[in-house]
Amino acid sequence: MKAIHSIFLACFLVSAFACFLASAFDPSPLQDFCVAIDDPKDGVFVNGKFCKDPKLAVADDFFFSGLNKPGNTYNRVGSNVTTVNVDQIPGLNTLGISLVRIDYAPYGENPPHTHPRGTEILVVVQGTLYVGFVTSNPENRLITKILYPGDVFVFPIGLIHFQYNVGNTPAVAFAGLSSQNAGVITIANAVFGSNPPINPDVLTKAFQLDKNVVTHLQSIF
């Protein structure tokens, strides 16, 4: 009986400790930041979106049409991302998933970027893509693969990654992300196209470039 009591007590303590750990974690952020306020009347955003009364939900809350249509790739990088997240499908709210279609012109690319709030799993349906991601400091190891139709590749959350169409014909891929709003930070746009601009002296030292090169890059982004 004493042994049974000890096992029961141990199980209870483990369970209690697990509950304590679970309650110690904050929910994953669904936007870049959410500044705390004391008076809710001044509140604008919540972590996610307000919920509709379930009794009022309709099929269109869980529906999107249009991923069969190619995106316009006539731009500097030669790609287009069609996003289907909680802004397009309200029913995705709190479900932790979203989807994108990516179209690539011949030799177009989805330039180096990161998703601060989601892991990405990508499948190629047309064309040939050179894809990869870079691990975090201090290793900064480049992991790459050539993908063909039917191939799948994963980009871990927060890591810089890219896709490049190595063929002379258009390419198409679809990707799922582990967030209703994974966010995207395109590295070149963020660094050289910030508003207001980052002090050129900072970027000159960080990238070991001539200051004139930095100011030129800032002018085109």
Side-chain angles (χ1 to χ4, degrees), residues 22 25-33 47-49 59 61-73 75 77-137 139-167 169-190:
F25 288 100
D26 291 328
S28 297
L30 295 170
Q31 60 277 318
D32 288 341
F33 50 81
N47 193 26
K49 293 180 179 289
D61 292 332
F62 305 90
F63 173 79
F64 175 85
S65 179
L67 282 189
N68 60 315
K69 300 174 183 176
N72 182 5
T73 59
N75 52 56
V77 295
S79 69
N80 182 281
V81 179
T82 303
T83 302
V84 184
N85 61 21
V86 70
D87 292 326
Q88 287 74 41
I89 302 182
L92 285 176
N93 193 36
T94 76
L95 298 185
I97 193 170
S98 56
L99 178 71
V100 297
R101 170 183 171 140
I102 313 169
D103 291 277
Y104 311 84
Y107 307 110
E109 70 171 3
N110 190 11
H113 62 281
T114 178
H115 301 293
R117 297 181 290 275
T119 291
E120 176 180 347
I121 182 167
L122 175 141
V123 59
V124 178
V125 297
Q126 178 183 325
T128 305
L129 296 180
Y130 166 63
V131 307
F133 64 85
V134 180
T135 63
S136 56
N137 297 351
E139 190 178 22
N140 298 132
R141 184 160 64 101
L142 175 63
I143 296 176
T144 65
K145 188 77 173 175
I146 298 292
L147 303 183
Y148 303 95
D151 289 346
V152 176
F153 198 81
V154 173
F155 304 104
I157 184 172
L159 297 186
I160 295 173
H161 59 283
F162 60 87
Q163 303 104 38
Y164 175 69
N165 181 6
V166 295
T169 59
V172 180
F174 289 87
L177 296 117
S178 62
S179 171
Q180 69 182 49
N181 180 19
V184 60
I185 301 170
T186 305
I187 306 306
N189 296 51

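Please read all numbers here as calculations on a predicted model, not as lab measurements. Below, each value reflects all heavy atoms present in this structure, side chains not excepted, and no hydrogens, waters or symmetry copies.
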Name the atoms and distances for all side-chain donor-acceptor pairs under 3.5 Å in residues 141-156, with sequence neighbours left out.
unit_1 : atom_1 : unit_2 : atom_2 : d
Arg141 : NE     : Glu139 : OE2    : 3.3
Asp151 : OD2    : Tyr148 : N      : 2.7

Heavy-atom pair of closest approach, residues Ser179 and Gly118
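Reported closest heavy-atom pair: CB-CA, 4.4 Å.
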Pairs involving [range], ordered by first then second residue, that meet salt bridge (charged side-chain N to carboxylate O under 4.0 Å, His left out) (sequence neighbours left out):
range	value
residues 80-97	Lys49-Asp87
residues 89-111	Arg101-Asp103
residues 176-190	none

Output all residues satisfying side chain to side chain contact (heavy atoms under 4.5 Å, CB included) with [X], sequence neighbours left out; order by chain, then residue number.
X	answer
Ile157	Thr119
Asn68	none
Asn75	Val77

Find the distance between [atom1] ([X]) and [atom2] ([Y]) and round it off to the nearest 0.5 Å.
X	Y	atom1	atom2	value
Leu92	Leu99	CG	CG	9.0 Å
Arg117	Ser178	CZ	OG	11.0 Å
Asn93	Gln180	CG	CD	4.5 Å

With a 4.5 Å cut-off on side-chain heavy atoms, are Gln163 and Val131 touching?
yes
Using the side chain to side chain contact (heavy atoms under 4.5 Å, CB included) definition, which of the options Asn181, Leu177, Leu159, Ile160 pairs with His115?
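Of the listed residues Asn181, Leu177, Leu159, Ile160, the side chain to side chain contact (heavy atoms under 4.5 Å, CB included) partner of His115 is Leu177.
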Among Val81, Leu129, Val124, Thr73, which one satisfies side chain to side chain contact (heavy atoms under 4.5 Å, CB included) with Ile102?
Val81
Looking at Ala188, is its backbone amide N or carbonyl O close enough to the side chain of Thr186 to form a donor-acceptor pair, meaning the two atoms are under 3.5 Å apart?
no
Counting N and O atoms only, with roles assigned by atom type, does the side chain of Asn165 sit under 3.5 Å from a partner on the main chain of Ala105, one being a donor and the other an acceptor?
yes
Return each pair, listed once, that meets side chain to side chain donor-acceptor pair (under 3.5 Å) where at least one residue sits in residues 122-135; pairs must be two or more places apart or across chains.
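Not a single pair qualifies under side chain to side chain donor-acceptor pair (under 3.5 Å).
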